[in-house]
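Presented below is the structure to which this report refers.
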2 protein chains.
Amino acid sequence: MITEAIMVIDDDQDLRETIVEILENYDFSVIACATAEAALQAMKDDIPCIVLLDNMMPGMGGMALIPLLKKDYPGIKIIMITAFSTVDNAVEAMKSGADDYLAKPFKRDELLVAVRRALEKLKFSQQESEPCMDEALASLSNQIRRQILTILSTKGEMRFMDITRMLGIQDHTKVNFHLKNLKSNSLITQNREKAYRLTSQGKKIIDCLQLLSKRITP
Amino acid sequence: MITEAIMVIDDDQDLRETIVEILENYDFSVIACATAEAALQAMKDDIPCIVLLDNMMPGMGGMALIPLLKKDYPGIKIIMITAFSTVDNAVEAMKSGADDYLAKPFKRDELLVAVRRALEKLKFSQQESEPCMDEALASLSNQIRRQILTILSTKGEMRFMDITRMLGIQDHTKVNFHLKNLKSNSLITQNREKAYRLTSQGKKIIDCLQLLSKRITP
DNA sequence: TTGTCTTGTGAATAATTCTTCACAGCGCAG
DNA sequence: CTGCGCTGTGAAGAATTATTCACAAGACAA
């Protein structure tokens with residue numbers, strides 16, 4: 001389950017607890033883990049949105065954890081905590097997917113700035129969580145499919161070959177390919193007699209499309 | 001210049017004039033030509049939306065004219081007029097791009113039905129004449145580009161590497177590819193200091209996109 | 001001057017999308 | 001029963017789009 005929690009992964013108990021305390025004082029929900037292994041285990045239940053991650057840890061280090069996290073939880077923003085003497089490691093962590101880093105020792109404000117920056121990035125990454133939008137917009141980028149939606153919007157219902165003929169396309173299998181796309185994206189459906197019609201989602205889409213067309217047509 | 005005229009191409013003067021008379025009685029604007037060659041010449045000035053075309057004509061016949069018309073004027077709807085004994089030619093004409101056919105001798109109503117059918121198809125083909133829409137929707141089908149539009153909508157202006165970092169993308173050339181697409185489709189522009197911002201068109205697009213997102217998100 | 005960062009460029013490569021092909025099964029009319 | 005039209009299927013091939021790579025030029029600081 002994806003949560004809004006911030007996960008702190010650091011074997012240094014003092015530092016870990018300090019970070020937890022600061023973040024909780026600012027009303028962030030915090031999960032604390034002493035090892036990378038414990039963190040991976042905890043993520044099976046609750047997936048944080050931000051991970052604060054120390055580089056030097058026994059067992060699996062922070063550097064090794066980053067690719068695992070990015071692979072399994074691509075939405076997580078990762079802030080690497082690094083000692084001043086290992087800044088080159090921080091650069092390398094950035095290259096392998098960390099989103100930001102904090103050099104020890106850091107001030108409370110630096111921590112809060114980094115967290116807020118990560119939250120800001122998360123805000124724009126929310127677009128990634130809209131499979132409906134992705135599919136709808138991918139469907140709409142094709143002209144034949146837009147024409148089909150328009151036809152069905154006007155006519156209400158229509159059968160396969162009628163649509164094909166109205167589109168003026170000779171190769172019916174081409175139309176079938178596009179109808180299948182629209183159907184699998186739930187923009188159109190068929191009744192018992194196989195006539196195609198718009199779904200309610202399809203209707204919303206074509207409405208917005210026509211509104212958009214009016215707005216941007218010179 | 002694209003017009004709303006119907007062009008009649010037939011070497012048979014009686015038939016040609018009959019068709020012209022019928023169509024003009026129904027308030028259609030008609031251009032009459034006796035040969036394919038004359039028709040091609042006339043189209044340099046006024047491009048009709050529908051062509052009624054006889055198959056058997058001296059010089060270039062109807063069958064040879066179809067591919068030329070479809071290539072140079074893809075939006076034109078072509079109705080092939082064919083004698084009853086050459087229906088197989090009509091089928092072949094359909095295969096090479098004619099949109100409909102009329103078998104001689106035809107009644108006035110048959111002619112009108114065919115013309116209205118072609119006008120109906122034209123109505124749905126109007127979508128083909130919206131390059132702005134095509135490009136905008138193609139741009140929107142890509143997630144990175146949508147994220148860029150959202151970022152600029154919120155922030156107003158932003159420079160290249162700031163956008164790249166906010167997107168959390170390491171490879172700046174990838175972002176450059178997408179920025180170029182948005183720029184060439186006039187959704188974004190740059191000021192003198194190279195900061196990117198939305199065009200007015202881009203603003204309209206992102207508004208509609210957010211409206212659409214609200215409507216179809218479950 | 002060198003090194004680094006910013007902001008690109010164009011081409012090769014990879015991935016995705018679209019079109020075409022060859023076929024299939026069903027229903028209906030002759 | 002055969003032939004034709006309708007409505008598909010899946011895979012191969014073609015086209016388009018996206019990503020990566022190698023590089024470039026300019027600006028700025030040390």
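Chain naming here is simple, since letters A, B, ... match the order of the sequence lines and numbering starts at 1 in each. All values derive from a computational prediction rather than experimental measurement. Excluded from the calculations below are hydrogen atoms, water molecules and symmetry mates; all remaining heavy atoms, backbone and side chain alike, are included.
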Q: In whole angstrom, give the distance that lies between atom CZ of A/Phe160 and atom P of C/dA24.
A: 18 Å
Q | OP1 or OP2 of D/dC6 under 4.0 Å from side-chain N/O of A/Tyr196 | A | no
**Q.** Test log, rule side-chain contact (heavy atoms from CB on, under 4.5 Å), inputs A/Lys155 and A/Asp162
**A.** CA-CA 11 Å; A/Lys155 297 291 186 181; A/Asp162 294 331; over 6 Å; no
Q. Of all the choices, C/dT19, D/dG8, C/dG8, which nucleotide is nearest to the side chain of A/Lys194 once you look at every atom?
A. D/dG8
Q.
Heavy-atom nearest nucleotide on DNA chain C for A/Arg145 versus A/Thr173: which residue maps closer to 5'?
A. A/Arg145
Q) Over how many whole Å does the gap from A/Asn185 atom CG to C/dT17 atom P extend? A) 11 Å
Q: For the residue pair B/Asn181 and B/Arg145, confirm or rule out a side-chain donor-acceptor distance under 3.5 Å.
A: yes
Q) So, is A/Lys174 near the phosphate of C/dC18, with a side-chain N or O under 4.0 Å from OP1 or OP2? A) no
Q: Answer yes or no for this row: B/His172 ring on C/dT7 base, centroids under 5.5 Å, planes under 30°.
A: yes
Q | Sugar-phosphate, base or nothing in reach of A/Asn181, heavy atoms under 4.0 Å | A | nothing
Q. With respect to the side chain of A/Met161, which nucleotide from C/dT9, C/dT20, D/dC6 is positioned closest?
A. D/dC6
Q: Find the distance B/Ile144:CD1 to C/dT16:P and express it as a whole number of Å.
A: 13 Å
Q | C/dT9 OP1/OP2 closer than 4.0 Å to side-chain N/O of B/Lys180 | A | yes
Q: Please determine if a side-chain N or O atom of B/Gln190 lies less than 4.0 Å away from the OP1 or OP2 oxygen of C/dT7.
A: no
Q.
Which label fits A/Tyr196 and A/Phe160: parallel for a plane angle under 30°, tilted from 30 to 60°, or perpendicular past 60°?
A. tilted
Q. Are any of B/Arg159's side-chain N or O atoms less than 4.0 Å away from OP1 or OP2 of C/dT6?
A. no
Q: For A/Glu193, answer base if it contacts any base atom (sugar-phosphate contacts may also be present), sugar-phosphate if it contacts only those atoms, and nothing otherwise; contact means non-hydrogen atoms under 4.0 Å.
A: nothing
Q: For B/Asn191 and C/dT7, give me the distance from atom CG to atom P, rounded to whole Å.
A: 11 Å
Q) A/Asp171 CG to C/dC23 P: how many Å, rounded? A) 15 Å
Q. What integer distance in Å separates B/Leu182:CG from C/dG8:P?
A. 13 Å
Q | Distance-only side-chain donor-acceptor flag, A/Asn55 / A/Thr82, under 3.5 Å | A | no
**Q.** Nearest-Å distance for atom pair CD/C1', residues A/Gln147 and C/dC18
**A.** 15 Å
Q) Is the phosphate of D/dT17, meaning OP1 or OP2, less than 4.0 Å from a side-chain N or O of B/His178? A) no
Q. Please walk me through it: do B/Lys107 and B/Leu111 pass side-chain contact (heavy atoms from CB on, under 4.5 Å)?
A. CA-CA 7 Å; B/Lys107 299 177 182 169; B/Leu111 169 66; over 6 Å; no
Q | B/Arg165 side-chain N/O to C/dT6 phosphate OP1/OP2 under 4.0 Å | A | yes
Q. Name the one of A/Ile205, A/Ile206, A/Leu198 that satisfies side chain to side chain contact (heavy atoms under 4.5 Å, CB included) with A/Leu187?
A. A/Ile205
**Q.** Rounded interatomic separation in angstrom, taking CZ from A/Phe177 and C1' from D/dA14
**A.** 13 Å
Q) Under 4.0 Å between a side-chain N or O of B/Gln143 and OP1 or OP2 of D/dA18? A) no
